[in-house]
Amino acid sequence: MLAAHGLTKSYGRLRALDALSVTLNRGQAVALIGPNGAGKTTFSKCVLGLVRPESGQLTLDGASLLGDPGLRRRIGYMPQIGRFPAHLRVGQLFELMREIRRGSHNRTDEDLIHAFQINRIAHQAAGTLSGGTRQKVSACLAFLFDPEVLVLDEPTAGLDPVSVEALKEKVRAVRARGKLILLTSHILSDLDEIATDVLYLLDGRMQFYRPIAELKSATGETRLGAVIAQIMRSADPRSARPEETAQ
Amino acid sequence: MLRIVQYVVGDILRGKIVLGYTGFLLVASFGLFNLGGDTTKGLIGLLSLVLLVVPLVSLVFATVHFYNSYEFIELLAAQPLHRSTLLLAQIFGVALALTAALLVGVGLPIMLYAPTATGFTLIAVSLMLSFVFTALAFLAAVLARDKARGVGAALLLWFYFALLHDGLTLYALFLLEDFPLEGVSLGLLSLNPIDLARVLVLLQMDVSALMGYTGAMMKELLGTGSGVAFAAAVLAGWIAVPLAAAVWVFRRKDL
């Protein structure tokens with residue numbers, strides 16, 4: 001469904017993506033894992049049209065994502081840091097996003113809006129929201145238009161335990177309905193619960209891309225954190241220092 | 001795009017900065033008109049104030065707005081929107097909010113004290129300057145990744161156009177006084193939107209002594225009618241070119 005072919009992007013001398021080729025399919029929740037600077041963010045940003053790759057192709061069902069911004073109506077994005085215009089009320093923020101996406105969706109998905117009780121804060125100025133509440137608003141906006149592809153950047157960071165569970169539940173439900181989810185998180189135990197596959201990046205290249213269940217049986221470990229740590233120790237001398245946030 | 005502009009304007013107008021800007025302009029305008037008693041003096045004082053303050057506020061406010069809205073602009077850029085639509089909506093939103101402040105803070109006092117051709121010209125050029133310097137500010141902001149650099153560049157632009165350019169022009173013309181320089185001086189004048197705005201207002205006033213060297217020369221060269229048309233056209237170019245450049249850069253920018 002979502003295919004990268006020879007995707008390359010450099011920042012100065014740093015190769016953030018080095019001829020990355022990978023295909024992601026419906027019904028997958030792919031966890032992007034790798035050390036800092038491995039290209040996780042650059043890859044997500046290419047999918048979202050925020051970063052322009054120098055070369056290579058990026059397609060959604062065969063149509064290039066690098067040209068027509070209209071294709072982004074099929075993608076939802078939850079950024080790591082949600083910051084909204086300070087004086088806009090939360091309700092107006094939703095109106096604005098609905099306006100931008102007008103005509104681009106058949107149904108809207110308001111499950112999270114109800115789960116997070118966003119209507120209670122609709123009259124608050126977006127600039128006065130706490131970090132966790134902003135995160136909830138970001139999540140609602142990402143899921144609102146029932147997109148076929150969801151890019152979630154550190155979705156659980158800053159959320160209270162109840163909301164984390166609600167969000168995980170939502171991710172699992174949406175994936176079961178055949179959506180593609182692209183996840184980055186430093187909390188591997190969260191990824192363990194919601195991701196189906198791991199795409200491990202190192203220096204802008206794909207190290208491996210396998211289903212989590214397969215990885216677990218191959219390594220004999222039961223936790224994703226332990227799986228990743230074991231693979232990194234055995235595969236790459238650089239990984240003598242383990243993934244810093246592995247749990 | 002209009003809807004996004006509307007939300008940007010609404011957001012800015014609910015903030016305190018534009019309110020403060022409006023209040024400052026109101027107090028200064030009423031003060032200047034009541035100080036001398038003569039409305040011409042009041043207008044000249046207001047002109048000097050507007051030519052300094054409007055570019056400065058537009059530049060600083062617009063760059064800071066861009067960097068403060070960066071995460072939201074990024075979120076909008078991930079939506080099914082053209083980059084050009086997104087940036088133009090931000091620029092027009094900021095410029096229109098500043099325009100609203102000027103209409104109340106400068107426009108209202110002028111309507112009360114000096115509803116003359118000169119007064120209306122002053123309102124018109126102050127609005128145009130808001131657009132010119134908002135566009136320049138966004139150009140600086142999309143070029144500089146870092147907030148400090150962007151705001152610094154904006155301040156340098158102000159320093160150059162408000163203070164340095166006229167001095168340099170005068171110095172250049174002084175050095176080259178033996179040559180026929182009418183065309184050159186007109187060209188140098190065109191390179192500074194603040195000078196163009198000053199000349200546009202002063203051409204209505206017939207006080208060439210205050211025009212500065214380039215302004216006086218332009219009046220001699222072009223006369224009032226075609227002078228106004230020329231200056232207004234070049235000033236419009238000062239809006240269009242930075243706007244187009246900012247959009248060109250933003251469309252290719254990695255967010």
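Every chain is numbered from 1, with letters handed out A, B, ... down the list of sequences.
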Engineer: Between B/Ala78 and A/Leu50, which heavy-atom pair has the shortest distance, and what is it?
Structural biologist: N-CD2, 3.9 Å
Engineer: Give the minimum heavy-atom separation between B/Arg14 and A/His87, together with the two atoms involved.
Structural biologist: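 Minimum heavy-atom separation between B/Arg14 and A/His87: NE-O, 3.1 Å.
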Engineer: Identify which part of A/Met78 has an atom lying under 4.5 Å from any heavy atom of chain B, answering side chain, backbone, both or neither.
Structural biologist: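 Interface part for A/Met78: neither.
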Engineer: If we ignore angles and hydrogens, is there a donor and acceptor under 3.5 Å between the side chains of A/Glu99 and B/Tyr7?
Structural biologist: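 Absent: no donor and acceptor within the cut-off.
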Engineer: Side chains of B/Gln79 and A/Met97: closer than 4.5 Å at any heavy-atom pair?
Structural biologist: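 Sidechains of A/Met97 and B/Gln79: in contact.
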Engineer: Write down the atom of B/Asp11, the atom of A/Ala86, and the distance for their closest heavy-atom approach.
Structural biologist: OD1-N, 3.6 Å
Engineer: Using 0.5 Å steps for rounding, measure from the OG1 atom of A/Thr42 to the CG atom of B/Asp254.
Structural biologist: 8.5 Å
Engineer: Has A/Arg205 got more than 12 heavy atoms of other residues, nucleotides or ligands less than 6.0 Å from its CZ?
Structural biologist: no
Engineer: Can you tell which of A/Glu95, A/Arg52, A/Arg89 has the highest number of heavy-atom pairs within less than 4.5 Å of chain B?
Structural biologist: A/Arg52
Engineer: Within a reach of under 6.0 Å around NE2 of A/His114, are more than 12 heavy atoms found that belong to other residues, nucleotides or ligands?
Structural biologist: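 Above 12, so yes.
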Engineer: To the nearest 0.5 Å, what is the distance between CD1 (A/Ile81) and CG (B/Leu75)?
Structural biologist: 12.5 Å
Engineer: Looking at CZ of A/Arg83 and CD of B/Glu71, how far apart are the two atoms once the value is rounded to the nearest 0.5 Å?
Structural biologist: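 Nearest 0.5 Å value for the CZ-CD distance: 5.0 Å.
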Engineer: Without swapping roles, check the side chain of A/Arg72 against the backbone of B/Ala77 for a donor-acceptor pair under 3.5 Å.
Structural biologist: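 Yes, A/Arg72 side chain to B/Ala77 backbone: donor-acceptor pair under 3.5 Å.
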Engineer: With the side chain counted from C-beta on, respond yes when A/Lys45 and B/Glu74 share a heavy-atom pair under 4.5 Å apart, and no when they do not.
Structural biologist: yes
Engineer: What part of A/Pro79 gets within 4.5 angstrom of chain B, counting heavy atoms only: side chain, backbone, both, or neither?
Structural biologist: side chain
Engineer: Do other residues, nucleotides or ligands put more than 12 heavy atoms under 6.0 Å from the CD1 atom of B/Ile17?
Structural biologist: no
Engineer: Return yes when atom CZ of B/Arg252 has more than 12 non-hydrogen atoms of other residues, nucleotides or ligands closer than 6.0 Å, and no otherwise.
Structural biologist: yes
Engineer: In terms of heavy-atom pairs under 4.5 Å, which option from B/Gly15, B/Ser69, B/Gly10 contacts chain A the most?
Structural biologist: B/Gly15
Engineer: What are the two closest heavy atoms between A/Val51 and B/Leu255, and how far apart are they?
Structural biologist: CG2-O, 3.9 Å
Engineer: Based on non-hydrogen pairs under 4.5 Å, which of A/Leu71, A/Ile75, A/Leu88 is most in contact with chain B?
Structural biologist: A/Leu88
Engineer: Taking CZ in B/Arg251 as the centre, count heavy atoms belonging to other residues, nucleotides or ligands within less than 6.0 Å. Is the count above 12?
Structural biologist: no
Engineer: Side chain from CB out, backbone as N, CA, C, O: work out which of these in B/Leu76 comes under 4.5 Å of a heavy atom of chain A, or both, or neither.
Structural biologist: side chain
Engineer: Heavy-atom cut-off 4.5 Å, strictly under: side chain, backbone, both or neither for A/Leu93 against chain B?
Structural biologist: side chain
Engineer: If every non-hydrogen atom of B/Phe72 is compared with every non-hydrogen atom of A/Leu96, which pair is closest and at what distance?
Structural biologist: CZ-CD2, 3.8 Å
Engineer: Find out whether B/Leu81 and A/Pro69 are in side-chain contact, i.e. whether some heavy atom of one side chain is under 4.5 Å from a heavy atom of the other.
Structural biologist: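 Not touching, per the 4.5 Å side-chain cut-off.
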